[in-house]
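All remarks here apply to the structure that follows.
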Amino acid sequence: MDPLKQRIVLLGPPASGKGTQADRLSKTFGIPHVSTGALLRSECARETVLGREANEWTSKGLLVPDELAVRIVATWMQEHGAVFLFDGFPRTVGQAEHLDRALDHLKAPLELVVLLELPEQEIRRRILERLSCLACGATFSSSIHGYVQGSACPNCGAPLVRRNDDTEAALAQRLEVYNQLTLPVVSYYEKTALRILRRVDAGQGSDAIFAKIAVLVENKEGPANS
Ligand code: AMP
């Protein structure tokens, strides 16, 4: 049997479904899902020193400094090891280089980078309709699912909220940051000798996207990307 890919990065703009897909892949294949955004939100909610520092950036739709993002991921890897599905990391070329160095040191190379692609108009629609559960990480669309702020999360019962960066102003900033800082990460992985970047259309239904990524994780890829 082909071995599963065990070190995976999901890249994509805000609301491209990285978290939803990562969660589903994690449950199906038993690979731990790590969202740097969720780790940072948890630090903010607990009002730790790191959380207060991060909030200065996240609330404005800006990336936290590389040093802070790298620190939170390094701590996670020390505690959990080098099998992971990263969602939202790396987000800059500096972070990607750092991850490569850390994995080189462990002789455990990155095996798959999935880029979820979505047009800007659809990103905007999804973000402005998004309600999130800060307890379990689930997200819902107010127009599709009919929830309002404060509705109970159907998974865990915690109140659904609008994230403090899911606003028109922060979104414009996040898209600019994505285009300027994170898209170069795509080029970075396109250039590596490992040929591990794959593109998936994130405008399809969630099940179709999942099926496409699952084929990549299971190492049963056909000749075409989608
Ligand atoms: P996300 O939940 O992935 O949309 O992340 C929410 C926010 O957390 C981002 O807008 C950034 O402010 C911050 N963040 C998450 N991951 C990173 C990262 N790898 N580098 C810098 N900032 C990050």
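The figures that follow rest on heavy atoms only: side chains count, while hydrogens, waters and symmetry mates do not. Just follow the structure's listing: the first ligand is 1, and inside any ligand the first atom is 1. Numbers for residues simply follow the sequence, beginning at 1.
- The minimum heavy-atom distance between Thr36 and Gly88, with the atom names listed, is OG1-O, 3.0 Å.
- Remark: Arg174 engages Asp166 in a salt bridge, criterion side-chain N to carboxylate O under 4.0 Å.
- Applying the side-chain hydrogen bond (donor to acceptor under 3.5 Å, both in side chains) test to every pair with at least one member in residues 68-77, sequence neighbours left out, gives these pairs: Glu67-Arg71, Trp76-His80.
- Each of Val200, Ile209, Leu25 was compared with Val114 under the side-chain contact (heavy atoms from CB on, under 4.5 Å) criterion, and only Val200 meets it.
- Between Pro14 and Leu175 there is a side-chain heavy-atom pair separated by less than 4.5 Å.
- The protein residues lying under 4.0 angstrom from ligand 1, judged by non-hydrogen atoms, are Thr36, Gly37, Leu40, Arg41, Thr58, Leu62, Leu63, Val64, Ala69, Gly88, Phe89, Arg91, Gln95, Arg163, Asp165, Arg174.
- Side-chain contact annotation: His33 with Asp87, donor-acceptor N/O pair under 3.5 Å present.
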